[in-house]
Amino acid sequence: MKTLLDADYTTQNEKAVVRLFYKTESGREIEEISDFKPYIYVLPREHGLERLKKRIEKLNSVEKLETVQMRDTDHEIEVLKVTLDHPKNVPDLRPQIKELEECKEVREAHIPFAERYIIDAGLVPMDGCEALDLRIASFDMEVYNPRGEPKADIDPIIIISYADNHGLDKVFTYKTVEGLDLDYLDVLKNEEDIIKKFIETIKERGIDIIVTYNGDNFDFPYLKERAEKHKIPLSLGVDDSPVKMEKRGMNLGARVRGRPHIDMYPVCRQIFNLSKYTLEDVYLEITGGEKKDIRVGEMAGIWDNPTTEKFKELLEYAMSDASSTLEIALDILPLHYEISRITKELIYQSSRSGSGQRVESLLIKKAFEKKILVPNKPSDRVVDERQRTTYAGGYVVEPKKGIHDNILLFDFRSLYPSIIISHNIDPSTLDCECCPEDPYRSPTGHYFCKKKVGLIPETLEGLVQRRIDVKKRLREEKDPKRGRFLEVEQQALKVLANSMYGYFGFPRARWYSKECAESIAALGRKYIHQTIETVPNFGFEVIYGDTDSVYMIDKSESKRKDILKHSKSFLDRINSELPEAMELEFEGFYPRGIFITKKRYALIDEKDMLIVKGLETRRRDWANIAKYTQEKVLNALLKDKDPNKAAKIVKDVVQEIKKGKMPLEELTINTQITRGMGEYKTEGPHIQAAKKAIKKGLEFKQGSIVTYVITKKGASISDKAQVIDFVEEGDYDADYYVNNQVLPAVLRLLEALGYSEDELKGLGRQTTLS
DNA sequence: TACCAGAGGAG
DNA sequence: AAATCCTCTGGTA
């Protein structure tokens, strides 16, 4: 029993050796593969194969030349498989071959060597890891920051905290005060020693996976620079190699050889939809518990003049950073083990890759098994071109505005995946010559081969079948721990299946096909239209629908039991006319709902739970007070059916705001900086607040979420916007929060109920503003 | 007042 | 570095 944690290659005696880093039952194992060689495929121009072969033979670093039969999109071809002596020579050889007159194209020259080996050898990263009790450690650092953002060339690390899943908690520092009693505290001599001690601890504890919160872009780069300053090698690798900072787009990735480092910050941003992603927020989301927090502005002061109480707080805070990061990791890592196993990516990769990359890794693996040539990545010019062309997506029904009772919801189970499978939608089956008579011809005029299953439908079918199998095992599983793994696996399979459609339309995709993407969306529209047209025949009325769902009410029945019976016959009728892999499902019955506009509505379910879609309550860029008040008003309208109660709620809140005593945490607005700070044509409040904060020493960049308040001082809203760190309790613009936050959010609901504007003024603005 | 840029949600 | 559809705000002319 062993599990593959990491892989790379080294050069020994001028030969490339693939190294596979395993965790075994007894410890660690590094397997070395020295007989594997890199190769690329060369597509000849017409009748050029033999001449091309002769020319390539003469080139340096070519070890072997074979003619092989491969599939390229929709046809079989003979291509040259060129085996090289060493992966480092691929970048040189590729353009030399590309320039040859008889060469049409070079393929698969950019697949990293170790990953190539994993694919070809059929290895599955992280397979079996549950059985091995992986040793997982987290660490976090506190840094001396007397001037705001710390600078690694000047400001030392003052604390390193450490926690692992085998019971060791440590805080390494080099200062202490009288009367401290913390069992995890380890006071050393200086910064150099805490760095050394940290490295030692990771090694002595035999750690398999290192986790951090923002380690890619803060802790590791900072630690590396400080270690270099002290001339300590940051040799955390299992082969004692130093931590390597890799460039990944705009950000960095910290790679520890053989002991994968996983940064939970980007992972959490991908998995959760939160207003912001501080460690405290994420910890609350996962465990429901509060985490110790201190104001970072206080840190340098405490370090310089430590009182027993404050210094203890600082150390406790440091410890909780490491232990909560570990707790988050233990909760989320199983998902990433599964993603790694499904996509065959190393966990270092899969924990940092997006949907597009994951789908692509899976397809490359499948293409290898089916002897299909992998398309090259598109050039920047092609990507630009693809970005300029768009296509039509899902259909949204204009809602019947206002309150409705006894609402039924139906939706298509996995609409797009089921369309891809039933219509065999794939670049290789697109408009094929053998079967133009497609009874299911897509409304865009495209048709798909009926004889040969495409790569993507086949891959998707594999995911769907595997998920059905996992769900079956899940039903039979008695052990809750194994049950959780199966649940996570079926979720991961579902997410991956659902991202296949998006992949077709992704401009950087190797298997990009706008025709496929638009055919899928067009067929989706066809099926939902078909469904909507059938609705009146059964005495129902559609009140709303979006892409794959239909909300309707029953005009002929009034009892729940009769309504549900009635809907069954509707369902049977629709499903009898659908392709086999497709199904419309009954999704729910809602006693009451309010529909405002497209993509904005709220429902009460049969357990009296409020479900809100698209409204301010759901948005991070609205103040809590507006979101919370809107939610209360929704409950008054839908549960209590009492508009007067709703009016009272609004009046009371408006009064509270006007008193000037509303806590700041009810008033903060979170907005992300989605582009580079210099790229804005118009700068909204969050950008102007961020700019002011940058001048005062805080760091904001693309991707940061700005938490700000509209204060009293300034002319425009943007002038008044200040990042929360600089706002005093009570300094807020009450008129803004009444007129631009609370009232718009609640008046929209009441307007949808048909109250006239005059009535609403009576309820809200005039009485309260006077 | 009309328009557009920007953000974030739904499915 | 997965897609499109849609609403709404605040800046700008």
Side-chain angles (χ1 to χ4, degrees), chain A residues 248-251 266 270 273-275 352-360 362-363 377-378 380 383 386-387 389-399 409 411-416 420 495-514 516-522 524-525 528 544-551 587 596-601 611-623 626 669-675 679-688 702-703 705-706 710 715-721 736 739-741 744-745 748:
Chain A
R248 303 184 59 84
M250 293 205 324
N251 290 316
Q270 196 180 51
N273 181 13
L274 303 177
S275 292
R352 288 166 178 79
S353 60
S355 316
Q357 184 54 246
R358 286 179 196 161
V359 168
E360 201 148 280
L362 183 64
L363 292 178
K377 284 188 177 166
D380 287 351
V383 170
R386 289 176 179 180
Q387 260 158 356
T389 63
T390 54
Y391 66 92
Y395 169 65
V396 188
V397 182
E398 186 65 45
L409 169 59
D411 64 15
F412 283 94
R413 191 206 335 111
S414 303
L415 178 67
Y416 288 171
I420 295 172
V495 170
L496 203 62
N498 282 335
S499 48
M500 288 289 200
Y501 155 73
Y503 178 82
F504 274 135
F506 173 40
R508 307 204 91 97
R510 293 174 187 261
W511 277 275
Y512 171 86
S513 171
K514 198 195 76 156
C516 289
E518 83 180 329
S519 298
I520 296 161
R525 291 196 300 274
I528 200 76
Y544 182 58
D546 187 346
T547 310
D548 59 356
S549 65
V550 191
Y551 288 90
E587 190 52 42
I596 315 298
T597 58
K598 287 178 177 178
K599 301 188 188 279
R600 292 165 64 86
Y601 60 94
I611 297 152
V612 185
K613 302 285 181 180
L615 295 172
E616 286 73 10
T617 300
R618 286 270 154 272
R619 295 179 66 97
R620 72 154 74 110
D621 56 350
W622 280 73
I669 297 166
N670 298 295
T671 311
Q672 193 180 177
I673 300 174
T674 60
R675 51 202 72 193
E679 295 166 30
Y680 282 91
K681 289 183 185 169
T682 57
E683 296 180 339
H686 68 300
I687 301 301
Q688 299 203 29
Q702 187 162 18
I705 291 171
V706 185
I710 304 302
S716 68
I717 293 169
S718 288
D719 289 340
K720 295 179 185 181
Y736 174 84
N739 296 322
N740 297 39
Q741 291 281 331
R748 258 192 285 280

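Labels below follow one simple rule: chain letters A, B, ... track the order of the sequence lines, proteins then strands, and each chain is numbered from 1.
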So A:Lys599, base contact, sugar-phosphate only, or nothing? Heavy-atom distance under 4.0 Å.
base

In plain terms, say whether A:Lys598 and A:Asp546 are close enough for a salt bridge, that is, a side-chain N and a carboxylate O under 4.0 Å apart.
no

I'd like to know if A:Arg525 pairs up with A:Glu518 as an ion pair, taking the criterion as any Lys NZ or Arg NE/NH1/NH2 lying under 4.0 Å from an Asp or Glu carboxylate oxygen.
no

Considering every strand and a 4.0 Å limit on heavy-atom distances, what is the contact class for A:Gly393: base, sugar-phosphate, or nothing?
sugar-phosphate

Any A:Gln357 side-chain N or O less than 4.0 Å from OP1/OP2 of C:dA2
no

Out of B:dG6, C:dG10, B:dG8, which nucleotide sits closest to the side chain of A:Thr671?
B:dG8

Tell me whether the OP1 or OP2 atom of B:dG9 has a side-chain N or O from A:Asn273 closer than 4.0 Å.
yes

Base, sugar-phosphate, or nothing for A:Tyr601, non-hydrogen atoms under 4.0 angstrom?
sugar-phosphate

A:Tyr544 side chain reached by A:Val396 side chain, heavy atoms, under 4.5 Å:
yes

Looking only at the side chains, is there a donor atom on one of A:Tyr512 and A:Tyr503 sitting less than 3.5 Å from an acceptor on the other?
no

Look at the side-chain N and O atoms of A:Asn740 and state whether any lies under 4.0 Å from the OP1 or OP2 oxygen of C:dG10.
yes

A:Arg600 has its side chain closest, among C:dC8, C:dT9, C:dG11, to C:dC8

Any idea which of C:dC5, C:dC8, B:dA10 is nearest the A:Thr597 side chain?
C:dC8

Below 4.0 Å: OP1/OP2 of B:dG6 and any side-chain N or O of A:Arg675:
yes

Among C:dG10, B:dG8, C:dC5, which nucleotide has an atom closest to any side-chain atom of A:Tyr736?
C:dG10

Counting just side-chain N and O atoms, does A:Arg620 come under 4.0 Å of either OP1 or OP2 of B:dG8?
yes

Closest of C:dC8, C:dT4, C:dT7 to the A:Lys598 side chain is C:dT7

